[in-house]
Amino acid sequence: MIMSIKILKPGLFSTVQDKGRVGYQDQGFSSAGALDDNALRLGQALLNHEGPAIEYTVIGPTIEFLADNAIVMTGARFNVTLNSDNIDQNTVINVKKGDVLEIGQVTKGARGYLNFANPLQLPKIAGSYSTHTRSQIGGYQGRTLKKDDVLTTEKVKNYTTRIGLSANYNEEIFDQQIIHIVEGPQIDAFSETSINALTSSVFKISEQSDRMGYRLQGDSIPPIASADIISEPVALGSIQVPNDGNPIILLNDKQTVGGYTKIATVCAMDLQVLAQKQPGSEIQFEWISVEQATEQLKEKEHKFLQELTNIEQKPIYDLKQLRPTASRIKNLLKGE
């Protein structure tokens, strides 16, 4: 029997993602990967493997399971049902052949992640399962998921042992509006007025935003002269400013090089916050030093790793997920 899942409805820009392509940007490969890396890692920790997840945005997919499995959903909060019954996120849920999972509208945040205990069975491209739609590589046929796609899954021994395992998730990121930034390589190309406007203004994430970058609407902050520079490598979180003065925050699917002036770079600790912002969300930038950014990232990562460690050392179980198994055992003992 081939283990698999079937996509009944794809949701909005649903793609297969993992941690991304690390170490290949010098060859022109975008890193791609989950925009909310912590949400991905939380799901992987709950299932105790590093298999790929389906990332979905604002509206999630509807999936039919063609074989038994177990799942966990992390990241943004969505209306989720299994066979029309509401189920929880951040908890490993048992699913049977024929079950239908419907991940509906988001209620808080923007992006969610669906991990499978019997993980998706896909080829790695340049060391990663991640989808990069512009170059049509990785994931499932290098594209977003479509209706009637059937994705094969692997069979993991004793995969049911994680059922009911739960974890807390930092929901403060959904409400955080401040995005911390450090000076960009071309900051001297901007006037003091533009530099001040970057942090004194409130910017709105445009509808013309995607995994490649967030286009911002707000006060125009054009460079003093032309925005065009000789193309050079660009970092994740770089804030490019073209001649129209409207900033663009470069995200995971960005090109590896760019030819626009870069006024600032979003600190790594706040990339997760950005990942959970929808078009129309407002953000405000705040300058910090590289030293402050480094220290705060270390503190945040240390705290998150402790949460992952607690999943194994101080496990929390959702008893609702354990009851069906316990009931079956009880009935067997009774001879029913």
Side-chain angles (χ1 to χ4, degrees), residues 3-21 32-47 49-82 87-95 99-106 109-125 128-133 136-154 156 159 162 169 210-211 251-253 272 275-276:
M3 307 275 292
S4 58
I5 63 168
K6 182 177 182 179
I7 306 299
L8 302 182
K9 296 179 182 178
L12 186 59
F13 211 91
S14 298
T15 57
V16 175
Q17 301 292 340
D18 62 5
K19 66 180 180 180
R21 284 180 186 82
L35 290 189
D36 187 341
D37 182 63
N38 281 9
L40 171 75
R41 288 194 289 163
L42 179 62
Q44 291 176 332
L46 284 165
L47 295 175
H49 68 63
E50 295 186 353
I54 295 177
E55 178 188 272
Y56 40 93
T57 307
V58 181
I59 300 173
T62 299
I63 294 172
E64 179 184 359
F65 291 87
L66 305 183
D68 294 353
N69 211 323
I71 57 171
V72 63
M73 291 154 289
T74 57
R77 294 290 170 261
F78 286 78
N79 290 314
V80 186
T81 61
L82 183 66
I87 58 173
D88 295 327
Q89 297 180 224
N90 296 350
T91 297
V92 181
I93 308 287
N94 193 31
V95 293
D99 284 353
V100 173
L101 174 73
E102 183 174 358
I103 306 174
Q105 186 79 24
V106 73
R111 289 180 174 82
Y113 296 84
L114 173 61
N115 282 269
F116 303 86
N118 290 316
L120 300 176
Q121 189 173 46
L122 296 163
K124 282 188 174 182
I125 306 295
S128 173
Y129 297 106
S130 286
T131 310
H132 187 253
T133 56
Q136 298 181 343
I137 63 170
Y140 184 74
Q141 300 182 9
R143 59 168 171 79
T144 58
L145 299 179
K146 297 179 181 179
K147 183 180 184 297
D148 295 330
D149 283 344
V150 175
L151 283 70
T152 304
T153 55
E154 298 179 28
V156 174
Y159 75 90
R162 311 290 284 190
Y169 184 73
D210 54 23
R211 284 180 45 90
L251 299 176
N252 296 47
D253 284 3
Q272 177 192 20
Q276 294 299 348

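Any value given below was found using the heavy atoms of this structure, including those in side chains, with hydrogens, waters and symmetry copies removed.
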Checking Arg162 side chain against Leu46 main chain: does a donor-acceptor pair fall under 3.5 Å? yes
Please examine the side chains of Leu120 and Tyr129, heavy atoms only from C-beta on, and report whether any two atoms are closer than 4.5 Å. no
Could you check Leu47 against Val72 for side-chain contact (heavy atoms from CB on, under 4.5 Å), going step by step and ending with a plain yes or no? CA-CA 8 Å; Leu47 295 175; Val72 63; 3.8 Å; yes
For the pair Arg21 (side chain) and Lys19 (backbone), establish whether a donor and an acceptor sit closer than 3.5 Å, ignoring hydrogens and angles. no
Has Thr15 got a side-chain atom pairing as donor or acceptor with Thr144's backbone, closer than 3.5 angstrom? no
Just wondering, do Ile71 and Ile63 contact through their side chains at under 4.5 Å, heavy atoms? no
Counting neighbours of CD on Gln141 that are heavy atoms of other residues, nucleotides or ligands and sit closer than 6.0 Å, is the number greater than 12? yes
What are the two closest non-hydrogen atoms of Ala275 and Ala110, and how far apart are they? O-CB, 3.9 Å
So Tyr140 and Leu122, do their side chains get closer than 4.5 Å, heavy atoms only? yes
Where is the tightest heavy-atom contact between Phe78 and Gly60, given as atom of each residue plus distance? CE2-N, 4.0 Å
Would you check if there is a donor-acceptor pair between the side chains of Ser130 and Asp18 at a distance under 3.5 Å? yes
Would you mind reporting whether Tyr113 and Leu42 have side-chain heavy atoms less than 4.5 Å apart? no
OG1/Thr81 to CD/Glu102 distance, rounded to the nearest 0.5 angstrom? 4.5 Å
OG1 on Thr131 to CG on Asn252, rounded to 0.5 Å: 12.0 Å
Taking distance alone, no hydrogens or angles, what donor-acceptor pairs closer than 3.5 Å link side-chain atoms of residues 3-13 to residues at least two apart or in another chain?
none

Measure the shortest side-chain to side-chain distance between Val95 and Leu82 over non-hydrogen atoms and say whether it is less than 4.5 angstrom. yes
Report the residue from Ile93, Val80, Asn69 that forms a side-chain contact (heavy atoms from CB on, under 4.5 Å) with Leu101. Val80
Treating Asn118 as the side-chain partner and Val156 as the backbone partner, does any N or O pair qualify as donor plus acceptor under 3.5 Å? yes
Quick one: salt bridge (charged side-chain N to carboxylate O under 4.0 Å, His left out) partners of Arg41, sequence neighbours excluded? Asp37, Glu301
Are the side chains of Leu35 and Gln17 in contact, using a 4.5 Å heavy-atom criterion? no
Would Leu40 and Asn115 count as a side-chain contact (heavy atoms from CB on, under 4.5 Å) if you check the C-alpha gap in whole Å, the side-chain angles of each, and the deciding distance to 0.1 Å? CA-CA 8 Å; Leu40 171 75; Asn115 282 269; 4.3 Å; yes
Under the 3.5 angstrom rule, does the side chain of Gln44 hit a backbone N or O of His49 as a donor-acceptor pair? no
side-chain contact (heavy atoms from CB on, under 4.5 Å) for Thr153 and Phe65? Distances and angles first, verdict last. CA-CA 10 Å; Thr153 55; Phe65 291 87; over 6 Å; no
Which residue pairs satisfy the salt bridge (Lys or Arg N to Asp or Glu O under 4.0 Å) criterion with at least one member in residues 52-67, sequence neighbours excluded? Glu55-Arg211
Side chain proximity check, Ile54 to Phe116, heavy atoms < 4.5 angstrom: yes
Check for a donor-acceptor pair, side chain of Ser14 on one end and backbone N or O of Tyr56 on the other, with a separation under 3.5 Å. no
Test your reading of the model: is there a side-chain donor-acceptor pair from Asp36 to the backbone of Ala39, 3.5 Å cut-off? yes
